[in-house]
Every structure is written in structure tokens, then in C-alpha cells.
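Inspection log for the structure reproduced underneath, given as C-alpha cells.
Per chain, numbering begins at 1; letters A, B, ... match sequence-line order.
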Protein chains: 2
Amino acid sequence: MHLQSLRLLLAVDDTGSFSAAATRLNTVQSNVTAHIKKLEAELGVRLVDRKGTVRLTSAGRALADDAERLLTIHDAAVARFRGRPADSGRLRIGAMETTLALRLPPVLAAFHAAHPGVDIALQTGPTADLVADLLEGRLDGAFICDAVPGAALYQVPAFRETLVLVSRDRLTALPPAHQLLTTAFLVFRQGCGYRHRTERLLASLGVTAVRMFEFGTLDGILGCVAAGMGYAVLPRAVVEAHRLRFDIQTLPLPPDIGVVDTLFAAPEPGTWSPALTAFAGALDQGTLAPDTAVAS
Amino acid sequence: MHLQSLRLLLAVDDTGSFSAAATRLNTVQSNVTAHIKKLEAELGVRLVDRKGTVRLTSAGRALADDAERLLTIHDAAVARFRGRPADSGRLRIGAMETTLALRLPPVLAAFHAAHPGVDIALQTGPTADLVADLLEGRLDGAFICDAVPGAALYQVPAFRETLVLVSRDRLTALPPAHQLLTTAFLVFRQGCGYRHRTERLLASLGVTAVRMFEFGTLDGILGCVAAGMGYAVLPRAVVEAHRLRFDIQTLPLPPDIGVVDTLFAAPEPGTWSPALTAFAGALDQGTLAPDTAVAS
DNA sequence: TCGCGCCGATCACTTATAATGATCGGGCGA
DNA sequence: TCGCCCGATCATTATAAGTGATCGGCGCGA
């Protein structure tokens with residue numbers, strides 16, 4: 001059964017004429033006849049009564065009802081891809097813990113307000129895991145730390161974070177290498193972009209061997225820093241948001257290490273679902289959270 | 001967009017392989033490739049990721065969701081025609097007042113119990129109107145009085161009625177012609193089959209001119225008979241059902257005039273909707289109301 | 001009652017598209 | 001590294017869609 005046949009059937013019902021239906025759908029009368037006959041043969045039922053005036057039989061009317069629903073769904077699906085981004089579908093988004101906590105709430109709220117029909121599924125994890133999930137199709141898009149070189153991924157800057165060195169005692173400058181060797185660094189587990197930066201920072205200071213304690217949660221890191229267990233490297237905005245709860249100090253880092261872009265990553269644009277297209281488009285135009293977005 | 005393309009897309013998603021999808025749907029791998037490529041070209045989006053393992057893109061997944069709904073509706077529609085009579089659709093049934101009141105309640109109740117998804121619309125009127133509505137497609141089927149000769153209608157006996165002469169005073173035989181001339185006959189409005197029978201009865205008695213009062217309702221006729229206004233010709237069962245409310249007498253009529261079949265009429269069987277097919281089938285098999293059905 | 005015109009059926013034909021089978025090349029595992 | 005499996009591509013065939021001309025029936029108006 002071809003959708004075009006159903007379209008012709010509805011046109012015949014509407015116009016009450018094969019010729020008029022043909023004209024409306026830019027074809028010829030004999031073609032309409034052939035389509036209707038094919039439908040009738042396929043279903044083993046007469047659909048159109050041609051005696052006297054042309055009118056659908058009860059079977060034809062029943063099929064026309066189904067046809068209407070069928071074509072509605074079909075046209076909506078096509079419009080979703082070709083026309084304006086539609087308001088439906090699922091969107092699986094991944095993000096780092098810090099991004100989700102700090103940056104995403106307004107973004108997601110704004111997107112949901114603009115596209116209330118899209119179901120959003122969120123997942124958190126370190127950048128490396130998110131990238132793996134993206135590449136293996138378990139996520140539609142993800143907010144990651146720093147660009148992933150060599151991966152066939154669309155990547156666009158979304159937020160800019162300023163990293164600071166977090167400590168219990170106030171510092172006026174980066175501690176010397178010998179002092180860093182005697183303390184620990186509290187980091188997220190393997191795969192987190194911020195941990196990567198921390199290692200780059202230490203390397204730039206000539207420190208290669210340092211104790212690293214892995215944590216799964218932000219609260220764990222901040223709490224242990226406040227207890228004097230060691231240092232941490234985190235986005236300034238995240239630390240500020242928790243300043244009231246922990247007695248900690250921050251020290252800015254040099255820009256080459258301290259400025260980190262959070263990127264929105266997704267598979268190649270040609271593969272995007274309408275929902276993902278809408279999300280990326282909104283991010284790109286900065287309509288979601290202009291104050292935190294990175295100027296492109 | 002062809003439904004077959006969507007079917008192939010779902011098969012590719014299921015099996016994770018073009019070749020396997022082809023095998024499952026009894027075609028060849030190159031054909032699957034062509035269908036998917038056509039879909040992708042039509043929507044301007046890559047639907048299947050062939051790098052490494054075959055997997056749907058987010059766009060492909062979104063389309064697959066629509067495809068599933070689309071094919072479900074389509075397959076259900078086809079099954080409704082080709083397979084068992086489905087439990088959905090609309091059924092517009094017409095009947096005479098007397099039939100609706102007396103015979104149809106158990107029939108409709110049984111059908112509705114067997115096919116709860118079918119919406120039933122009832123309409124009453126004299127046989128002539130019902131036939132006209134049938135022929136002009138405003139009804140799917142109707143219960144009519146006596147066969148309609150010459151009409152291109154499927155007609156099958158449904159109920160057998162015994163007509164009686166209804167009067168205020170007890171009669172032992174049909175009144176002589178001269179007496180009939182002085183009283184009136186109370187009949188339904190033009191087009192009712194029972195009125196037709198009444199006229200045949202009078203003609204057989206040699207009475208050609210008699211006063212006829214037209215009524216729209218059964219209660220009106222019975223009330224006026226009870227008041228001595230005249231005679232009426234009605235199904236015995238109808239009169240019995242109202243015996244408690246009206247003080248009236250009945251006299252059997254000769255079988256050639258007194259026995260009337262109520263027929264179920266519909267357009268030619270080849271044009272029936274699934275719901276109508278189910279209804280006619282149930283009537284034909286006597287599964288709806290075996291005690292009142294006419295043996296065929 | 002008789003044309004006249006409109007409409008759908010049919011047919012021969014053209015065009016488009018679906019399906020097929022063979023072949024090629026690339027990625028992955030042994 | 002080799003062999004194997006899988007998808008892309010291509011030439012070809014098969015099938016279906018679309019077209020235009022023509023026929024016949026029915027209704028309408030003269």
C-alpha cells in the first residue's frame with residue numbers, strides 16, 4: 001500500500017470526483033483510477049462507489065479514517081526533518097558533574113520552555129566516558145571539557161570556566177615545587193578534563209610525581225580541601241557557589257591553564273535528529289543562556 | 001517515502017546489519033542500501049551510521065519511532081480488512097421505530113459486547129427513508145420492512161413479525177367492507193412498510209377508499225385506537241409489549257398479509273467496511289439473537 | 001426524446017523506480 | 001598478514017507509476 005494511494009483516496013472523497021482529485025494532486029485521472037483499483041485489489045473490497053455520483057463505500061470511509069491518521073503522522077515526521085525543528089522526540093544529553101550543577105539548569109529550563117514536547121534524559125560522567133558514550137550512540141550530545149582531538153565529533157564552545165587552585169589557607173602565589181610534593185591533589189576520577197588540567201599545571205611547575213586522591217563527588221573534594229588534606233583545581237564559579245558551606249580559599253591560575261572551555265559535542269551535524277538540531281541551534285545562537293555562553 | 005523503506009530501517013535497527021535486514025524481509029542487501037539512501041536523501045539527514053558497527057543515528061532513531069507508529073496503524077488497517085474483522089470503526093444503522101424498540105436492543109447489546117470498539121450510530125425512520133439513506137451512503141445498513149425489489153441492495157431476513165389488527169373492541173373476524181368504510185385506520189407516515197401492508201389488506205377486502213390518519217409515534221397510534229378512533233395494523237409483539245398501558249384488542253390477520261419479514265439491508269457485500277462485515281456476519285449466523293431470527 | 005458534455009474505464013506507451021546479482025573495497029579478527 | 005564478512009556500487013532486469021488518447025455511460029437541457 002502506497003501513501004500516495006491513500007492521499008488520492010482522500011482527495012476523491014473530498015472532491016467527489018476522480019478528475020478533480022487528479023488535478024488537485026497534480027496527476028491525471030487514469031492514474032487516480034489505477035491507484036484506487038490497486039488499493040481495492042489489495043484489500044479485496046470496493047472502496048469507491050462510481051455508480052452515479054462518486055462516493056466512498058463504508059469500507060472506503062473506514063480506510064479513509066485510517067489514511068487520515070497515517071498521513072498526519074507521516075507528514076508530521078517529514079516536517080520535523082525538513083521544516084522547522086519539531087517539538088517532539090527524545091534528547092539524551094551528557095555532562096560533567098560541575099557543568100550540570102552550575103551551567104545546565106538555566107539552559108535546560110530555557111530549552112524545555114521552548115520545546116516542551118522533547119523528552120530530555122540527562123547523564124553525568126567524566127569527559128572521557130561522555131565521549132565514549134557519544135561515539136557509541138548512547139548519547140545524542142554532551143558537554144565536555146576541552147576539545148577532543150582526532151574524534152569525528154562536532155564540537156562547539158558552550159561555556160568558559162576559569163579554574164582556580166583551591167586550598168584551606170590563603171595563598172598569594174603558586175606554591176613552589178618542593179612544597180607541592182609534600183601535599184596531595186584532590187581530583188575527580190580518571191577521565192575528567194579538570195584532572196587533565198591539574199596534571200598539566202603540575203608539569204608546568206616541574207612537578208611530575210605528586211599524590212592524587214580520586215573523588216567521585218564535588219562535595220568530597222571541597223570538604224577534604226577545607227580539612228587541609230590538599231589542593232584542588234576547580235572552576236571558580238563552582239567554588240564560589242559552595243563558599244558558604246566550606247572554609248576555603250582560591251588562587252587564580254595562569255590563563256593558559258586556568259581558562260577552560262566547556263564544549264558541546266555531538267556526532268556530525270548531518271546525523272542529527274530534529275530535537276538535537278533544535279538544541280544545538282539554540283545553544284549556537286546563545287538563546288539559552290547568553291550570559292554564560294562563549295562568544296564565537 | 002515508502003512504507004517498505006521504514007520497514008527496512010526498523011529491520012536494520014533490529015538486526016544491526018544490512019544483510020540480515022535484507023534476509024529478514026526477503027530481499028537483497030543492495031536493495032536495503034538503496035532504500036536507506038533514498039530515505040536519507042529525502043530527509044536530508046544521515047539515518048544510519050555505517051562506520052564500524054551499523055547503528056542508527058539520533059535522526060534515524062527519531063524516524064524509527066515514527067516508523068513504528070506508522071507501520072502499526074498501517075498493519076492494523078490492513079489486518080482489519082484482510083484478517084479477522086477488527087474491533088474498531090463506525091457503524092451507522094437505521095431501523096423502523098418498532099424494530100428498534102422491540103428487536104434491536106438485544107441485538108445491539110450482543111454486538112457491542114462482541115465488538116466493543118465499534119461505535120454504533122442509530123437512526124430511525126420509515127423503510128422508504130431508510131432505503132434512500134442506504135442508497136445515498138448515509139447509512140451502512142438498515143432493518144427494513146419487506147424486500148425492496150429492483151434495488152441493488154444486499155438483503156437478508158432478520159426478524160419475522162406477525163401483524164395483527166388492533167382495535168378497541170374485541171373482534172372475532174375481519175369487519176365487513178361497509179363497516180371499514182365508516183372507521184379510520186391509524187398508520188405511520190408515508191413510507192412505512194406496515195402502512196403498505198395495511199393498504200394491501202384493505203384492497204384484498206375490496207375497500208379502496210378509507211380514512212387514514214398519519215402518526216409519527218407508536219404511542220400516538222395505540223392511544224387513539226384505545227380511544228376508539230379506529231383500527232391499526234401492527235406487529236403482535238409490539239402490541240403485547242404495550243398491552244398493560246392501553247386497553248386494546250388484537251385480531252390475527254391472514255398469513256399472506258400478516259406475516260412480515262424484517263430484513264437487514266446493506267449495499268453490496270463487496271463494499272462493506274470491516275465493522276459492517278462483522279455485524280452482518282453476526283446477524284447471519286444468528287449469534288446475536290437466535291430466538292427472534294428467521295431461519296434461512 | 002435526443003444530442004451534448006462530463007466523467008471514469010481502459011489501453012498502449014513512456015518513464016521511473018524497485019529489485020537483483022556480481023563485483024569491489026575496507027575493517028576486523030584469527 | 002591474510003582471509004572473511006559486510007556494505008557500496010554498478011549494470012541489468014522487472015515491476016510499477018504516470019501519461020494521453022479513446023471509449024462508453026449517464027445526466028442535463030433543449
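Taken to the nearest 0.5 Å, the CD atom of E161(A) stands 4.0 Å off from the CZ atom of R103(A). Between the CG atom in D66(A) and the CZ atom in R61(A) there is a gap of 13.5 Å [rounded to 0.5 Å]. The CZ atom of R46(B) lies 8.5 Å from the NZ atom of K37(B); values are rounded to the nearest 0.5 Å.
To the nearest angstrom, P of dT17(C) lies 11 Å from CD of E42(B). Regarding R46(B), its CZ atom lies at a distance of 11 Å from the C1' atom of dG7(D), rounded to whole Å. Computed from coordinates, the D49(B) CG to dG7(D) C1' distance equals 13 Å when rounded to whole Å. Per the geometry, CD belonging to Q4(B) stands 17 Å off P belonging to dT17(C), to the nearest Å. One atom, CZ of R55(B), and another, P of dG27(C), lie 16 Å apart when rounded to the nearest Å. In this structure, the CG atom of L6(B) is 16 Å from the C1' atom of dA18(C), given to the nearest Å. Taking atom CG of residue L8(A) and atom P of nucleotide dA17(D), one finds them 11 Å apart after rounding to whole Å. L3(B) places its CG atom 15 Å from the C1' atom of dA18(C), with the value rounded to the nearest Å.
Salt-bridge check for E199(B) with R195(B): passed, with a basic side-chain N closer than 4.0 Å to an acidic carboxylate O. Under a 4.0 Å N-O distance rule, the pair R197(A)/D146(A) qualifies as a salt bridge. The pair D75(A)-R7(A) counts as a salt bridge, with a side-chain nitrogen and a carboxylate oxygen less than 4.0 angstrom apart. Taking the charged nitrogens against the carboxylate oxygens, D14(B) and R24(B) do have a contact shorter than 4.0 Å, which makes a salt bridge.
Between the axis at the start and the axis at the end of the helix from dT1(C)-dA30(D) to dA30(C)-dT1(D) there is an angle of 30°, using five pairs per end and rounding to 10 degrees.
Among the nucleotides dT20(C), dA9(C), dG7(D), the one closest to any side-chain atom of F18(A) is dA9(C).
Checking the phosphate oxygens (OP1, OP2) of dA18(C), no side-chain nitrogen or oxygen of T27(B) falls inside 4.0 Å.
What you find for I257(A) and V260(A) is that their closest heavy atoms are O-CG2, 4.0 Å.
Aromatic pair F264(A)/Y154(A): ring centres not closer than 6.0 Å.
Contact check of residues 29-39 of chain B against DNA chain D (heavy atom, cut-off under 4.0 Å) returns Q29(B), S30(B), T33(B), K37(B).
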